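Step one of this worksheet: look at the structure below.
Keep in mind that this is a model prediction, so the values were computed, not measured. All heavy atoms count here, side chains included; hydrogens, waters and symmetry mates do not.
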Amino acid sequence: MANTKVTREDALAFHLEPTPGKWEVKATVPMTTQRDLSLAYSPGVAVPCEDIAANPELAYDYTNKGNLVAVISNGTAVLGLGNLGALGSKPVMEGKAVLFKRFADVNSIDIELDTEDPEAFCNAVKLMGPTFGGINLEDIKAPECFIIEQRLKEEMDIPVFHDDQHGTAVICAAGLLNALQISGKKIEDVKIVLNGAGAAGIACLELLKSMGAKHNNCIMCDTKGVIYQGRTEGMNQWKSAHAAATDTRTLAEAMNGCDVFLGVSAKGAVTQDMVVSMAPNAVIFAMANPDPEITPEEVHEVRDDVIVATGRSDYPNQVNNVLGFPYLFRGALDIHARAINDEMKIACAHALANLAREDVPDEVAMAYGKKLTFGRDYIIPTPFDPRLIYVIPPAVARAGMDTGVARRPIVDMDAYELGLKTRMDPTASILRGIHARAKANQNTIVFAEGDDTRVLRAAVLYQRSGLGKALVVGREDDVREKLTSEGLADAVDELEIVNAANTPHLETYKDFLYERLQRKGHDRQDIHRMASRDRHVFASLMLAHGHADGMVTGATRKSAHVLELINHVFDAGPHDGAVGVTAIIQNGRIVLISDTLVHEWPDENDLADIAERGAEVARTLGLEPRVAFLSFSTFGYPVSERATKMHVASDVLEARGVDFEYEGEMTVDVALNTKAQEAYPFSRLTGPANVLVVPARHSASISVKLMQEMAGATVIGPILAGIDRPIQICSTVSTVNDILNMAVLASSSAQ
């Protein structure tokens, strides 16, 4: 997967909108009535306080300690940016906190300490110990990071983990285990050269030695060359522990005949001559970021037997810390661990290595645009592998229990694994799958409203994200002015701007449109005006003639009006099979509501059509459709003429012999709540419905807007289904990201 080009403006807007920063705090208990407040605070809170004071272990039962990690830094070694200070590091620490939540459902708070004094730093962290279940140290320069971590591990009774050291080491070890298996070598036999004697490099070598690598087979290098026994220049106690008994003095000399090179140093540190000098079937982990010590292309120009890994997502075998730290902490927290020890890190590495050897799920292959199989270009699992959450934490937890750091061992490991499987938000994988299909398709999407800055920014993002080509309908001068005002002047030359004045197809478009509309009250002058001046019609004509693969519109006009204009070019009316389906995403659930666009008052046959289109959209999104026909009554009670058609619609589907679950009529709570469904054992639904068919368009609109405004739900759509070309209609309140999502949806569904 190629690296996405990120502009300064995009990055700042992402952190500014919709609210500054990347996370917020929400209550997990009701806080509405006086009784709620009395239980949450005084006097009810006194009860758990007294119990915890008497038995500190109960803090894991009555507070959020057991699922709370602090991401702590002083900003002295931020990414590749150096010493930015505590405040300058806060965006990175916030980002780390949301990664904990996204990948392992670990709650996390970022804490930036304004000190470079290890003593003051340690005192501050130690004093916060009662609050957290674990401490993730981040972006602290060496050698202070060694001093800080060691002291905190000794003085605190919760896991303290410096991810820059051990996270990199764990993923590196996992990849190396598999690389050596493919190369037919054993870790205890290979000669390893490591370049970069900082926190990550030293941690990598220490972990590999604890896994079987021999001290005498390992050579560490820094900017001054080989760290050998007797060297005094630029040394410290951590480097000295890895000083080798060797006559080699330079990196080039050390690499001659070695089996493994590990780089956590700088761009260009390794030359092709060094690669040539390595042993047969060598392994190179060039992990410097953003640019590796040597690129895979440069390696493979001179050797075709070398396995290469980097820290980059646009090359195979990415050494990515997100494969490690969320799951290490998940497993440690779930046993209320006192520490994350070497055995837990080694268990994590072996679990990752083993996972890479298994068959890769189709959704992962789709996300990366190719089938991944264990081999030279796939030795480490991908960060988006859904199995990570239920494979890695149990391995870590078992190791923690076996080594005595668990306060509360897991009794039923099968139940634990099942709980992990159901813990994560399924919508993330759904949306990722849509993006993956779009990226694989590389379709051309026409953005009809090039006079709107939101649309222009979405078009730029679509193209810069490597999703395909963006066409913008608009006037070049106007587009240039608007992009420049948004700080995107450089994007003008990237986008293709189309209009009636610069297309060679205008006469073809007009002839086509006249043929469709001449018996519907439109003369040639109407057609000329419509085809050349209305952007929605012009974009629709481009799509109809194959000059684009999909279309996005609706950001500047109400959807009903846009649909009327589209209907001039496509058959998108109530009796043409067209349906509007809106996706609602909230609290880790996704439901589709239809029809939200086309049918004002559908009859039972229309409702059956709507259900079938809704089921098709559900499958496009990766859902197995379960359709519910909604009403204010459930299975005939209370009796109502208006509810009858919802009941009869089920009979229509039954007669059609459709291949998805459906049921109705029923109220919303019965459709969505498995507990409520237990009262109706005869129901054909085997779980909560995910496609909701409503009685009329007005009820659909009310439902969507209510969820959006009152519940803060994410709304995607309406998705226009039932016509042969992908047309997605945004709402007038769409954000740039909403419009981009609609473009991605159009591309992912285009054939």
Test salt bridge (Lys or Arg N to Asp or Glu O under 4.0 Å) on Asp490 and Arg464; report intermediate values, then the result.
CA-CA 12 Å; Asp490 59 331; Arg464 286 183 173 178; 3.1 Å; yes
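- A pairwise comparison of heavy atoms in Phe285 and Cys172 identifies CE2-O, 3.5 Å as the closest pair.
- A donor-acceptor pair is defined here as one N or O able to donate and one able to accept, closer than 3.5 Å; no such pair exists between the side chain of Ser465 and the backbone of Leu467.
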Distance-only donor-acceptor pairs under 3.5 Å for side chains of residues 251-260, two or more places apart:
from: Glu253; atom 1: OE1; to: Arg249; atom 2: N; distance (Å): 2.8
from: Asp259; atom 1: OD1; to: Lys185; atom 2: NZ; distance (Å): 2.8
from: Asp259; atom 1: OD2; to: Lys191; atom 2: N; distance (Å): 2.9

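- A salt bridge links Asp342 and Lys345; the closest N-O separation between the charged side-chain nitrogens and carboxylate oxygens is under 4.0 Å.
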Going through the distances and angles, do Phe374 and Gln181 end up as a side-chain contact (heavy atoms from CB on, under 4.5 Å)?
CA-CA 11 Å; Phe374 179 60; Gln181 177 176 316; 3.8 Å; yes
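- Judged by distance alone, the side chain of Glu94 and the main-chain N or O of Lys22 form a donor-acceptor pair under 3.5 Å.
- Panel note: side chain Arg231, backbone Val226; a donor-acceptor pair is recorded below 3.5 Å.
- A pairwise comparison of heavy atoms in Pro296 and Val308 identifies CG-CG1, 3.9 Å as the closest pair.
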Go through it in stages, so that I can follow the logic: the residues are Val283 and Met278, the test is side-chain contact (heavy atoms from CB on, under 4.5 Å), and I'd like the CA-CA distance, side-chain angles, deciding distance and then a yes or no.
CA-CA 9 Å; Val283 177; Met278 295 177 73; over 6 Å; no
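- For Asn178 (side chain) and Ile379 (main-chain N/O), a donor-acceptor pair under 3.5 Å exists by modelled atom type.
- Other residues, nucleotides and ligands contribute at most 12 non-hydrogen atoms within 6.0 Å of the CD atom of Glu233.
- Applying the 6.0 Å contact sphere to CG of Asp114 captures no more than 12 heavy atoms from other residues, nucleotides or ligands.
- For Cys218 against Ala244, the heavy-atom pair with the smallest separation is O-CB, 3.7 Å.
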Given Ile111 and Val125, is the side-chain contact (heavy atoms from CB on, under 4.5 Å) satisfied, shown in steps?
CA-CA 9 Å; Ile111 297 173; Val125 176; over 6 Å; no
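- Looking only at atom types and distance, the side chain of Glu116 has a donor-acceptor partner in the side chain of Asn83 under 3.5 Å away.
- Between Ile389 and Pro394, the closest heavy-atom pair is O-CD, 4.5 Å.
- Evaluation of the salt bridge (Lys or Arg N to Asp or Glu O under 4.0 Å) test over residues 158-171, restricted to residues two or more places apart or in two chains, returns Lys96-Asp163.
- For the pair Ser73 (side chain) and Glu138 (backbone), a donor-acceptor distance under 3.5 Å is present.
- The only option from Ile135, Asn341, Ile340 that meets the side-chain contact (heavy atoms from CB on, under 4.5 Å) definition with Pro159 turns out to be Ile340.
- Atom CG of Leu16 sits in a crowded spot, with more than 12 heavy atoms from other residues, nucleotides or ligands closer than 6.0 Å.
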May I have the list of side-chain donor-acceptor pairs in residues 201-210 shorter than 3.5 Å, sequence neighbours left out?
from: Lys209; atom 1: NZ; to: His215; atom 2: ND1; distance (Å): 2.9
from: Lys209; atom 1: NZ; to: His242; atom 2: ND1; distance (Å): 2.8
from: Ser210; atom 1: OG; to: Leu207; atom 2: O; distance (Å): 2.6

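- With Arg312 contributing its side chain and Asp291 its backbone, the two residues share no donor-acceptor pair below 3.5 Å.
- Nearest heavy atom pair, residue Ala339 against residue Met344, reads O-SD, 3.4 Å.
- With no hydrogens or angles considered, a side-chain donor-acceptor pair links Ser265 and Glu293 at under 3.5 Å.
- Side-chain atoms of Ser89 come within 3.5 Å of backbone atoms of Ala86 as a donor-acceptor pair (strictly under, hydrogens ignored).
- Using a 4.5 Å heavy-atom cutoff, the side chains of Ile284 and Val275 are in contact.
- Looking only at distances, no side-chain donor or acceptor of Lys126 sits under 3.5 Å from a matching main-chain atom of Leu152.
- Note on Asp359 versus Arg387: no salt bridge recorded, every NZ/NE/NH1/NH2 to OD/OE distance being 4.0 Å or above.
- No side-chain heavy atom of Thr131 sits less than 4.5 Å from a side-chain heavy atom of Lys65.
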Please test Gln237 against Ser240 for side chain to side chain donor-acceptor pair (under 3.5 Å), starting from the C-alpha separation and ending with a verdict.
CA-CA 5 Å; Gln237 67 188 78; Ser240 296; over 6 Å; no
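- Counted by atom type alone, Thr76 and Asn74 present one or more donor-acceptor pairs between their side chains at under 3.5 Å.
- Using modelled atom types and a 3.5 Å distance limit, the side chains of Arg151 and Asn123 yield a donor-acceptor pair.
- Looking at residues two or more places apart in sequence or on another chain, you find no ring pair (Phe, Tyr, Trp, His ring centres under 6.0 Å) involving Tyr378.
- Residues Ile294 and Val299 approach most closely at CG2-CG2, 3.7 Å, considering heavy atoms.
- Rounding to the nearest 0.5 angstrom, the gap separating the CD atom in Gln272 from the CD atom in Glu298 is 6.0 Å.
- The shortest distance between side-chain heavy atoms of Ile109 and Leu68 falls below 4.5 Å.
- For the pair Asp305 (side chain) and Asn281 (backbone), a donor-acceptor distance under 3.5 Å is present.
- Applying the ring pair (Phe, Tyr, Trp, His ring centres under 6.0 Å) test to His166 and every residue at least two apart in sequence or in another chain returns Phe161.
- The 12-atom threshold is exceeded at NZ of Lys141, counting heavy atoms of other residues, nucleotides or ligands nearer than 6.0 Å.
- Listed for the Gln229 side chain is no donor-acceptor partner under 3.5 Å among the backbone atoms of Thr246.
- With salt bridges taken as basic N to acidic carboxylate O contacts below 4.0 Å, one links Glu417 and Arg398.
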Sequence neighbours excluded and cut-off under 3.5 Å, please list the side-chain donor-acceptor pairs for residues 324-337, or say none.
from: Arg330; atom 1: NE; to: Asp334; atom 2: OD1; distance (Å): 3.4
from: Arg330; atom 1: NE; to: Asp334; atom 2: OD2; distance (Å): 3.0
from: Arg330; atom 1: NH1; to: Asn67; atom 2: OD1; distance (Å): 2.9
from: Arg330; atom 1: NH1; to: Ala104; atom 2: O; distance (Å): 3.1
from: Arg330; atom 1: NH1; to: Asp105; atom 2: O; distance (Å): 3.0
from: Arg330; atom 1: NH2; to: Asn67; atom 2: OD1; distance (Å): 2.9
from: Arg330; atom 1: NH2; to: Asp334; atom 2: OD1; distance (Å): 2.8
from: Asp334; atom 1: OD2; to: Tyr416; atom 2: OH; distance (Å): 2.6

